[in-house]
Undergrad: 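My questions all concern the structure below.
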Amino acid sequence: MRKLFLYGRSEAGKTSLTQALKGETLHYEKTQYTKTWDITIDTPGEYIESKGISFALCSFSFDSDVIGVLCAANEPFNVFCPGEIGFTTRPMIGIITKIDAPTANVPMVTQWLKEAGCERIFKVNNRTGEGIQELRDYLMETPEKRDIDQAIADQYNGVRGY
C-alpha cells in the first residue's frame, strides 16, 4: 500500500481516517505532533492553520507516496490555495470527510479541492466506512512508471506527471 500523507484543518478527521483505513475502532485522539504510521503520515491541523509552520508540511510530504488534502464537508472556510499542488512532486488527492454532517456542503468543498489541484477526490465517512474501501483500493494501485525522457517531455508540455 502506498503511504498517504494527510494534511488539513484541525478536527477535519485526519486521525479518524487513519484509524478507519486500518480497520480500527474510531476513538478521538488529538494529534499533537506529526505521526508516521505504516500507511499514513498524520499531521496536526495547526500546521496548515499557521503561516509560520505550514512550510513544515512540505518536508513531511517527502516521506510519502501520495499527498492527501483532507477537508471536512462542513468546513466554514477554505485554507487551501489555488494551485497548491505546485509544492509537491507526488500525486495529490482530495479527501472529503463528514459527508453526512447536517451542514455538509460537498459541492463547495469539492470545488476547493479541485482548485487546489487534486487529481482525484474521495468522499468518505470515517464512522460508517462509506468511501473507505475506494480510497484503500486507490492506495493499493501500483503507480505507472515513467522514464526520464517522458518526464522531460511532460514537463516541457506543461503536463503534470508522476
Side-chain angles (χ1 to χ4, degrees), residues 1-22 29-75 77-99 106-126 130-146 148 150-151 154-155 158-162:
M1 181 179 276
R2 295 186 282 175
K3 185 168 256 187
L4 177 63
F5 170 74
L6 296 171
Y7 75 96
R9 281 184 12 100
S10 295
E11 299 184 22
K14 298 176 298 295
T15 302
S16 297
L17 178 62
T18 296
Q19 294 168 0
L21 284 169
K22 293 170 82 173
E29 183 180 312
K30 172 66 180 121
T31 303
Q32 298 291 333
Y33 54 90
T34 300
K35 295 181 180 179
T36 300
W37 304 101
D38 51 346
I39 59 171
T40 62
I41 300 172
D42 187 6
T43 59
E46 290 81 4
Y47 280 37
I48 192 69
E49 297 167 4
S50 172
K51 182 180 178 183
I53 57 174
S54 61
F55 65 88
L57 292 171
C58 292
S59 297
F60 293 121
S61 73
F62 297 129
D63 288 333
S64 69
D65 301 309
V66 177
I67 307 294
V69 181
L70 197 131
C71 192
N74 60 351
E75 289 285 356
F77 55 86
N78 182 13
V79 296
F80 307 113
C81 299
E84 195 156 304
I85 192 168
F87 86 82
T88 183
T89 58
R90 312 287 192 272
M92 192 167 94
I93 61 171
I95 304 168
I96 302 173
T97 59
K98 303 182 182 181
I99 56 175
V106 174
M108 179 182 66
V109 174
T110 299
Q111 186 62 38
W112 292 345
L113 294 174
K114 284 181 181 177
E115 289 172 359
C118 295
E119 67 178 45
R120 191 162 168 192
I121 297 173
F122 296 88
K123 299 170 181 101
V124 302
N125 183 321
N126 296 335
E130 181 181 348
I132 297 294
Q133 188 58 48
E134 182 183 359
L135 176 57
R136 196 179 286 127
D137 291 345
Y138 169 81
L139 294 171
M140 293 300 290
E141 293 173 5
T142 304
E144 182 180 312
K145 299 282 186 197
R146 297 182 321 136
I148 189 68
Q150 184 61 50
D154 287 348
Q155 184 179 30
V159 174
R160 180 107 176 136
Y162 303 101

Undergrad: Apply the test side chain to side chain contact (heavy atoms under 4.5 Å, CB included) to residues T18 and K14: give CA-CA distance (whole Å), side-chain angles for both, the deciding distance (0.1 Å), then the verdict.
TA: CA-CA 6 Å; T18 296; K14 298 176 298 295; 5.9 Å; no
Undergrad: What's the separation between atom OH in Y7 and atom CD1 in I95, rounded to the nearest 0.5 Å?
TA: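 It comes to 11.0 Å.
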Undergrad: CG/D137 to CD/Q133 distance, rounded to the nearest 0.5 angstrom?
TA: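 The CG atom of D137 sits 4.5 Å away from the CD atom of Q133.
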Undergrad: Between P91 and Y138, is there a side-chain heavy-atom distance shorter than 4.5 Å?
TA: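 Yes, close enough: below the 4.5 Å cut-off.
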Undergrad: Would you give the length of the straight line joining atom CE of M140 to atom CG of L135, rounded to the nearest 0.5 angstrom?
TA: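 The CE atom of M140 sits 12.0 Å away from the CG atom of L135.
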Undergrad: What's the separation between atom CG in L6 and atom OG1 in T15, rounded to the nearest 0.5 Å?
TA: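 Atom-to-atom, L6:CG and T15:OG1 are 8.5 Å apart.
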Undergrad: Among I67, L113, V66, find the residue that satisfies the side chain to side chain contact (heavy atoms under 4.5 Å, CB included) test when tested with M92.
TA: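 Option passing the side chain to side chain contact (heavy atoms under 4.5 Å, CB included) with M92: I67.
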Undergrad: Just how far is it from atom NZ of K3 to atom CG of D65, taken to the nearest 0.5 Å?
TA: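 Here the rounded value is 8.5 Å.
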Undergrad: For E115, which residues count as a salt bridge (Lys or Arg N to Asp or Glu O under 4.0 Å) partner, sequence neighbours excluded?
TA: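 Per chain and number, E115 pairs via salt bridge (Lys or Arg N to Asp or Glu O under 4.0 Å) with no residue.
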Undergrad: Is the backbone of E75 close enough, under 3.5 Å, to the side chain of R9 for a donor and an acceptor to pair up by distance?
TA: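 No: the side chain of R9 does not pair with the backbone of E75.
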Undergrad: Is the closest basic N to carboxylate O distance between K98 and E11 below 4.0 Å?
TA: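 So K98 does not pair with E11 through a salt bridge.
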Undergrad: Sequence neighbours left out, what passes side-chain contact (heavy atoms from CB on, under 4.5 Å) with M108? Give chain and number order.
TA: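 For M108 the side-chain contact (heavy atoms from CB on, under 4.5 Å) partners, ignoring immediate neighbours, are N105, W112.
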Undergrad: Should F5 and R90 count as side-chain neighbours, where that means a heavy-atom distance under 4.5 Å?
TA: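 Not touching, per the 4.5 Å side-chain cut-off.
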Undergrad: Please tell me if the side chains of Q19 and N126 come closer than 4.5 Å, counting only heavy atoms from C-beta onward.
TA: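 No, their side chains stay 4.5 Å or more apart.
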Undergrad: Among residues at least two apart in sequence or on other chains, which ones pass side-chain contact (heavy atoms from CB on, under 4.5 Å) with E130?
TA: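 Counting only residues at least two positions away or on another chain, E130 forms a side-chain contact (heavy atoms from CB on, under 4.5 Å) with I99, N125, T128.
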Undergrad: Taking the side chain as everything from C-beta on, heavy atoms only, tell me whether V109 gets closer than 4.5 Å to I121.
TA: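 Not touching, per the 4.5 Å side-chain cut-off.
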Undergrad: Grab the two heavy atoms, one from T97 and one from A72, that are nearest each other, plus how far apart they are.
TA: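 Closest pair (atom of T97, atom of A72, distance): OG1-CA, 3.4 Å.
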Undergrad: Which pair of non-hydrogen atoms, one from A73 and one from V106, has the smallest distance, and what is that distance?
TA: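 Closest approach of A73 to V106: CB-CG2, 3.9 Å.
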Undergrad: Supply the atom-to-atom distance K123 NZ to E134 CD, rounded to the nearest 0.5 angstrom.
TA: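 Reported value, rounded in 0.5 Å steps: 9.0 Å.
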Undergrad: Would R136 pass as a cation-pi partner of F122, given that its NZ or CZ must be under 6.0 Å from the six-membered ring centre and within 45 degrees of the axis?
TA: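 Judged by the rule, R136 and F122 form no cation-pi pair.
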